[in-house]
Amino acid sequence: MMPTYGRFPVALVSGKGAVATDTEGRQYIDFTSGIGVNSLGYCDDGWVKAVSRQAAALQHISNLYYSDVQTELAARLCKLTGYSKVFLCNSGAEANECAIKLARKYSVEKYGRQRSSIVTLQNSFHGRTITTLAATGQEVFHNYFFPFTEGFSYARANDMDSVRSCVDDSTCAVFIELIQGEGGVLPMERAFVQQLSQFCKERDILLMIDEVQTGVSRTGSLYCYQQYGVQPDVFTSAKGLGGGVPIGACLCTETLGEVLSQGQHGTTFGGNPIACAAALEVLSRVAEEEFLQQVTQKGDYLKSKLEEIPGITSVRGMGMMLGAELQKDNAKEIAAKCVEHGLLILTAKNFLRLLPPLTITDEEMEKGLQILRDVIAE
Ligand SMILES: *Cc1c(COP(=O)(O)O)cnc(C)c1O
């Protein structure tokens with residue numbers, strides 16, 4: 001394999017709930033969900049049944065034919081969110097590519113060829129394709145692979161003046177995360193997001209939200225924008241949507257529903273029946289009010305316990321998407337030591353980042369917290 005990942009020296013073979021087991025039989029509490037993917041934990045019974053049943057019935061058809069599970073998933077996503085149309089794909093970057101194409105076509109058709117640029121935020125992360133790298137507002141991602149897609153500028157997060165100075169007659173959309181995940185678990189301020197929404201509405205600039213990491217109940221609502229009191233024109237979802245199989249989605253309002261028409265976008269694997277069956281199972285569980293309340297409660301509990309750990313100076317985030325700032329600038333080192341002691345945990349910049357499975361039990365949380373306490377105290 002190309003050496004593109006900085007891997008920990010662990011090979012995992014099985015898992016159940018929030019516990020993974022390696023080739024030596026050693027167990028690990030999982031505070032990562034595979035970077036926010038395994039929403040229901042490892043090998044949840046209902047999820048395994050849904051995926052196995054679909055694999056035994058029909059694994060793949062091309063998008064030239066209809067599939068019941070695919071239409072059912074599209075209908076469920078629209079019904080749960082009140083959005084009008086969805087494009088199904090395989091990943092976060094692809095969902096964002098769809099959003100970018102949609103915004104450009106909408107604006108170019110309505111206002112002319114020059115109206116195609118997009119404002120994103122500094123320190124954002126939107127994916128690894130050439131265009132989503134261009135959308136990503138971090139210089140470190142803009143080396144080597146040029147020429148990048150033109151037409152992106154980067155405003156400061158939580159700063160409307162900066163957004164205003166980036167927007168001009170060529171702007172078709174503003175595209176943001178509500179909590180910058182890879183950027184260090186930085187939540188946007190409510191007032192900023194609401195002002196931004198109003199600002200975009202007045203100018204017919206699309207507000208697009210990248211919910212690839214924040215979505216699918218991760219922050220305590222099915223999608224995070226619901227807690228900000230705004231309705232983006234477009235939002236994208238991926239990571240946790242399939243509970244462990246690759247799937248992405250780009251949703252839009254009724255006005256935008258027919259912008260991408262026949263032949264203008266497509267994918268071989270997108271909307272794959274097994275992925276759709278998995279996502280339907282995930283949505284049937286995580287969108288329930290009682291489940292969402294539990295995510296919020298568990299998140300609040302984790303946050304309060306993290307704040308009590310000596311050596312952690314602050315904790316930010318929402319629900320079960322949390323970032324812990326350390327007294328010493330040694331998040332990577334702590335994460336590596338945690339693995340040695342049986343805890344999987346992520347980092348983002350100089351923060352420890354926690355994205356536990358949404359179904360994690362109190363006991364699993366306690367075990368993980370104890371390992372983290374011990375490692376930081378070492
Ligand atoms: C992970 C992530 C992406 C990229 O998703 P992939 O599935 O890796 O392509 C895009 N945006 C955000 C906010 C993410 O966290």
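Every number for a ligand or one of its atoms is a count from 1 in the order of the listing. Residue numbers count from 1 along this sequence.
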Kindly check if the number of other-residue, nucleotide or ligand heavy atoms within 6.0 Å of CD (Glu378) is above 12? yes
Are more than 12 heavy atoms, taken from residues, nucleotides or ligands other than Asp159, located less than 6.0 Å from that residue's CG atom? yes
Could you point out which residue of Gln180, Arg218, Arg353 forms a side chain to side chain donor-acceptor pair (under 3.5 Å) with Gln213? Arg353
Answer yes or no: is there an ion pair linking Arg285 with Glu281, defined by an N-O contact shorter than 4.0 Å? yes
Ligand 1: protein residues within heavy-atom distance under 4.0 Å: Ser91, Gly92, Ala93, Asn96, Phe125, His126, Gly127, Glu177, Asp210, Val212, Gln213, Lys239
Ring centroid separation Phe125 to Phe141 under 6.0 Å: yes
Worked check of salt bridge (Lys or Arg N to Asp or Glu O under 4.0 Å) between Glu325 and Arg316: CA-CA 8 Å; Glu325 192 177 23; Arg316 63 193 192 188; over 6 Å; no
